[in-house]
Q: 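Structure below; questions to follow.
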Amino acid sequence: VPLASMAVAGQTLVGQAEQPLRFGKTIVDSGTTYTFMASEPYSSLRSAIESYCNSRAGCGAEWHGTCVDAPRGVSEFPPVEFRFDEGRVVTTWTPHGYLYRKGLGRTYCMAFEDDGPLANTVLGATWMMHHEIVFDIRERRLGVAPAMCPEFKERPAHDAQSAAEPSPTAPPTESGPNATSEKPRAVSLSPSSTRVRSASQEATKRIPPQLLATAEARQREAGSPTTG
């Protein structure tokens with residue numbers, strides 16, 4: 001995706017001699033936990049966050065390297081804007097995304113890292129948190145919209161009755177705690193993403209015909225439509 005710039009609390013980040021930052025190729029990768037960027041963007045982002053908090057009583061926290069002791073949480077930290085497609089598409093990285101909580105305590109650490117002076121930018125799972133992300137492979141687009149995602153520190157208990165009587169997944173609706181009136185923002189994907197769809201199609205062709213026939217027969221018995 002074409003990342004053009006970043007901003008902290010509305011202030012665009014710049015590099016040495018007030019030059020635009022170099023982000024290289026930007027990849028959105030759900031298989032990467034942290035967010036990685038080159039040394040200059042990393043330093044600019046970290047310095048901007050620290051400077052913002054230093055002028056505001058530390059944002060209610062005390063710094064210890066790349067972590068903070070935040071007894072009141074991190075809601076006072078600034079938002080980070082990512083501007084794509086020459087600034088026409090803007091998404092917001094909230095403090096609860098770029099600062100992750102360690103365990104159940106009050107220590108939070110930066111969820112982005114320095115990947116070297118000439119590195120590209122990889123937007124990992126920490127950048128996706130609190131967002132609805134849609135990978136539209138067919139149209140080579142990426143949809144991004146704010147979302148209220150639940151967080152679990154412990155594995156939820158199983159409901160024996162619900163497990164015994166599974167119900168079909170309901171289609172998405174506009175109601176509920178996770179609903180948002182904001183439409184996903186579309187960002188063009190790189191041409192290489194089309195290889196994912198091609199690989200999936202080739203894998204389908206390699207399925208033995210007898211297995212496909214068995215699957216279609218079971219679908220007809222269940223009363224569900226088959227796919228061509």
Side-chain angles (χ1 to χ4, degrees), residues 1-16 18-30 32-53 55-56 59 73-100 108 110-115 119-149 151 172 174 177-193:
V1 292
L3 178 59
S5 64
M6 293 189 301
V8 171
Q11 298 295 315
T12 303
L13 304 183
V14 294
Q16 296 180 356
E18 301 297 312
Q19 294 298 311
L21 293 173
R22 174 200 170 278
F23 298 101
K25 293 182 179 179
T26 303
I27 303 170
V28 179
D29 186 8
S30 60
T32 299
T33 302
Y34 293 94
T35 291
F36 295 90
M37 58 191 70
S39 301
E40 191 173 45
Y42 169 85
S43 297
S44 296
L45 177 58
R46 179 176 172 178
S47 296
I49 294 172
E50 292 176 345
S51 296
Y52 177 93
C53 289
S55 63
R56 292 167 175 80
C59 291
V74 295
S75 59
E76 297 176 42
F77 282 71
V80 178
E81 290 183 351
F82 282 72
R83 298 166 179 171
F84 300 93
D85 197 14
E86 298 182 355
R88 288 188 288 267
V89 178
V90 180
T91 66
T92 301
W93 202 13
T94 66
H96 291 88
Y98 65 78
L99 291 168
Y100 70 91
Y108 296 77
M110 289 184 173
F112 58 96
E113 295 189 1
D114 181 351
D115 206 23
N120 293 316
T121 302
V122 180
L123 306 179
T126 57
W127 181 81
M128 300 181 193
M129 289 182 65
H130 307 293
H131 288 95
E132 186 76 23
I133 307 293
V134 179
F135 291 90
D136 188 348
I137 304 301
R138 182 180 298 275
E139 298 296 332
R140 291 164 54 185
R141 297 183 301 178
L142 178 73
V144 184
M148 296 177 61
C149 304
E151 294 185 9
E174 294 297 329
N178 295 336
T180 175
S181 59
E182 185 168 348
K183 295 181 179 179
R185 302 176 174 90
V187 183
S188 298
L189 294 172
S190 63
S192 61
S193 64

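Values below: every heavy atom of this structure, side chains too, minus hydrogens, waters and symmetry copies. When a residue number appears, it is its place in the shown sequence, counting from 1.
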Q: Kindly say whether Thr92 contributes a backbone atom to a donor-acceptor pair with the side chain of His131 at under 3.5 angstrom?
A: yes
Q: Mind checking what makes salt bridge (charged side-chain N to carboxylate O under 4.0 Å, His left out) contact with Glu113, not counting sequence neighbours?
A: none
Q: Can you give me the closest heavy-atom contact between Gly73 and Tyr108, atom names plus distance?
A: CA-OH, 4.0 Å
Q: Just how far is it from atom CG of Leu45 to atom CE of Met6, taken to the nearest 0.5 Å?
A: 4.5 Å
Q: Using the ring-ring contact (aromatic ring centres under 6.0 Å, His included) criterion, which residues pair with Tyr98? Sequence neighbours excluded.
A: Trp93
Q: Is there a side-chain contact between Arg56 and Glu76, using heavy atoms and a 4.5 Å cut-off?
A: no
Q: Roughly how far, to the nearest 0.5 Å, is CG of Asp29 from OG1 of Thr35?
A: 10.0 Å
Q: With heavy-atom distances below 4.5 Å as the criterion, would you say the side chains of Pro78 and Cys53 are in contact?
A: yes
Q: Classify the ring geometry between Tyr34 and Phe36 as parallel (under 30°), tilted (30 to 60°) or perpendicular (over 60°).
A: perpendicular
Q: Say whether, by atom type as modelled, one donor and one acceptor occur between the side chain of Ser44 and the main chain of Leu13 under 3.5 angstrom.
A: no
Q: Has Asp136 got a side-chain atom pairing as donor or acceptor with Arg141's backbone, closer than 3.5 angstrom?
A: no
Q: Atom CZ of Phe23 and atom CG of Asn120: how far apart are they, to the nearest 0.5 Å?
A: 12.0 Å
Q: Once rounded to the nearest 0.5 Å, what's the spacing between atom OG1 of Thr91 and atom CD of Glu81?
A: 8.5 Å
Q: Closest heavy-atom contact between Asp114 and Ala38?
A: OD1-C, 4.0 Å
Q: Could you walk me through whether Val74 and His96 pass the side-chain contact (heavy atoms from CB on, under 4.5 Å) check?
A: CA-CA 7 Å; Val74 295; His96 291 88; 3.8 Å; yes
Q: Nearest 0.5 Å, please: how far is OG1 in Thr121 from CZ in Phe82?
A: 8.0 Å
Q: Minimum heavy-atom separation for His130 to Gly97, with atom names?
A: CD2-N, 4.3 Å
Q: Does some side-chain heavy atom of Trp127 sit less than 4.5 Å from a side-chain heavy atom of Ile133?
A: yes
Q: Is the backbone N or O of Ala119 less than 3.5 Å from a side-chain atom of Arg22, with the two atoms forming a donor-acceptor pair by type?
A: yes
Q: Tell me whether Arg46 forms a cation-pi arrangement with Tyr42, defined as NZ or CZ under 6.0 Å from the six-membered ring centre and within 45 degrees of its axis.
A: no
Q: Could you give the distance from CZ (Phe112) to CG (Leu99), rounded to the nearest 0.5 Å?
A: 7.5 Å
Q: I want to check something: taking the side chain as every heavy atom from C-beta on, are Thr126 and Tyr100 in contact at a cut-off of under 4.5 Å?
A: no
Q: Any idea which heavy atoms bring Leu21 and Glu40 closest together, and the distance?
A: CD2-CG, 3.7 Å
